[in-house]
Protein chains: 2
Amino acid sequence: MTEQFRKEIVQRITRNLLDIQTLRLLTAEPMWGYKIKKQIEATTGVKLRHGALYPLLNALEQKGFLKSQKQQQGGRTRKIYTITEKGMEYIDAYNSILKEQISKQNIK
Amino acid sequence: MTEQFRKEIVQRITRNLLDIQTLRLLTAEPMWGYKIKKQIEATTGVKLRHGALYPLLNALEQKGFLKSQKQQQGGRTRKIYTITEKGMEYIDAYNSILKEQISKQNIK
DNA sequence: TGAGATATGTCTAAAAAGAGACATATTGTA
DNA sequence: TACAATATGTCTCTTTTTAGACATATCTCA
């Protein structure tokens, strides 16, 4: 019965936390959009539209959470994203507030 | 600096998890809409529009996560909501999938 | 050479979510 | 008695999000 909800819930969590997940991934190492997409798809099992991801990356950069630099590899261009100090503060804030909110309710 | 993000993040979490929070509240005891509203506002500190909550309660009932019964108290009518077995399965599924997704990334 | 994967980007139409008003009635308190 | 709080409900306009196409180019492997 729980399995009935599974797909729906995983999709929901992935959507709600896409920016957070992206920032988290980038705390491990700088990465380009396509790799971020593949990584998230691999860990969550949810297909991610690149038409959603690229605009998100732009938005995160505009907010100052990410910075990017273009990398040439032969004729292939990659836009490498690095998380900023502000970006790290955001995920830290998100994590602690989430924990705080959850502990106010009593969840096992 | 973290404080800068606080309001935005709390609001975001409250919105994303409004249905889950509502279901959780109702695992403690049956409750009517207005009380749910006040409880959530008290624990989160975020104002909740009743124009958002009442339609949500209807939707949760239609999905079979809640059932309701009207209670008369003098001239005052309250619609008491009780969580169903299916509703409990949903929050259990949500909780375990969230934990699972979080542990796939490595978060302290 | 052709197909599939890698790589990035935009745009539009449709769907969903949001704010906030309109609407009404009771209860408690100053 | 008047005001604030309790209580429930709908509706519309606006904003945001989403799906999915349009667009282009390279790289790898059969």
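Chain letters run A, B, ... following the sequence lines, proteins first, then strands; residues in each count from 1. Because only heavy atoms are used, hydrogens play no part in the values below, and waters and symmetry mates are left out as well, while side chains stay in.
- When side chains are defined from C-beta on, Glu89(B) counts as touching Phe5(A), because their heavy atoms get closer than 4.5 Å.
- To the nearest 0.5 angstrom, Arg12(A) atom CZ is 7.5 Å from Asn16(B) atom CG.
- Between its two ends, the helix from dA19(C)-dT12(D) to dA30(C)-dT1(D) turns its axis by 30°, counting five pairs per end and rounding to 10 degrees.
- With dT10(C), dA7(C), dT10(D) as the candidates, the nucleotide lying closest to the side chain of His50(B) is dT10(D).
- Proximity of Thr22(A) to Gln39(A): side-chain heavy atoms (C-beta onward) are nowhere separated by under 4.5 Å.
- Residue Arg15(B) places at least one side-chain N or O closer than 4.0 Å to OP1 or OP2 of dA19(C).
- Atom CG in Leu48(B) sits roughly 15 Å away from atom C1' in dA7(D) (whole-Å rounding).
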Decide salt bridge (charged side-chain N to carboxylate O under 4.0 Å, His left out) for Glu100(A) and Arg6(B); before the verdict, give the C-alpha distance in whole Å, the side-chain angles of both, and the deciding distance to 0.1 Å.
CA-CA 12 Å; Glu100(A) 179 192 300; Arg6(B) 183 164 203 91; 2.4 Å; yes
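- Using a 4.0 Å heavy-atom criterion, one finds that Gly33(B) contacts the sugar-phosphate atoms exclusively.
- Atom NZ of Lys37(A) and atom P of dG20(D) are 13 Å apart (whole Å).
- Distance CD (Gln39(B)) to P (dT6(D)): 12 Å, rounded to an integer number of Å.
- Among Leu66(A), Leu60(A), Thr82(A), the single residue meeting the side chain to side chain contact (heavy atoms under 4.5 Å, CB included) criterion with Leu26(A) is Leu66(A).
- An OP1 or OP2 oxygen of dT6(D) is reached within less than 4.0 angstrom by a side-chain nitrogen or oxygen of Lys38(B).
- Checked by atom type, the side-chain pair Gln72(A)/Thr77(A) shows a donor-acceptor distance below 3.5 Å.
- In this structure, NZ of Lys47(A) is placed 15 Å from P of dA21(D), rounded to the nearest angstrom.
- Each of Arg49(A) and Ala52(B) was matched to the nucleotide of DNA chain D holding its nearest heavy atom; the match closer to the 5' end belongs to Ala52(B).
- Salt-bridge annotation for Glu29(A) and Lys35(A): present, with a side-chain N of the basic residue lying under 4.0 Å from a carboxylate O of the acidic one.
- Per the geometry, OH belonging to Tyr34(B) stands 18 Å off P belonging to dA25(C), to the nearest Å.
- Between Leu56(A) atom CG and dT17(D) atom P the separation is 10 Å, expressed in whole Å.
- Look at CD on Glu8(B): it is 15 Å from P on dG18(C), rounded to the nearest Å.
- OP1 or OP2 of dT10(D) sits under 4.0 Å from a side-chain N or O of Asn58(B).
- In this structure, Tyr54(A) does not reach the dG9(C) phosphate: none of its side-chain N or O atoms is under 4.0 Å from OP1 or OP2.
- In this structure, CZ on Phe65(B) lies 8.5 Å from CD1 on Ile20(B), to the nearest 0.5 angstrom.
- Looking at heavy atoms from C-beta onward, Ile9(B) lies out of side-chain contact with Leu98(A) at the 4.5 angstrom threshold.
- Expressed to the nearest 0.5 Å, how far CE of Met88(B) lies from OG1 of Thr27(B) amounts to 8.0 Å.
- Contacts with DNA chain C (heavy atom under 4.0 Å) in residues 70-82 of chain B: Gln73(B), Gly74(B), Gly75(B), Arg76(B), listed by number.
- At whole-Å resolution of the value, CD1 in Ile36(B) and P in dG9(D) are 11 Å apart.
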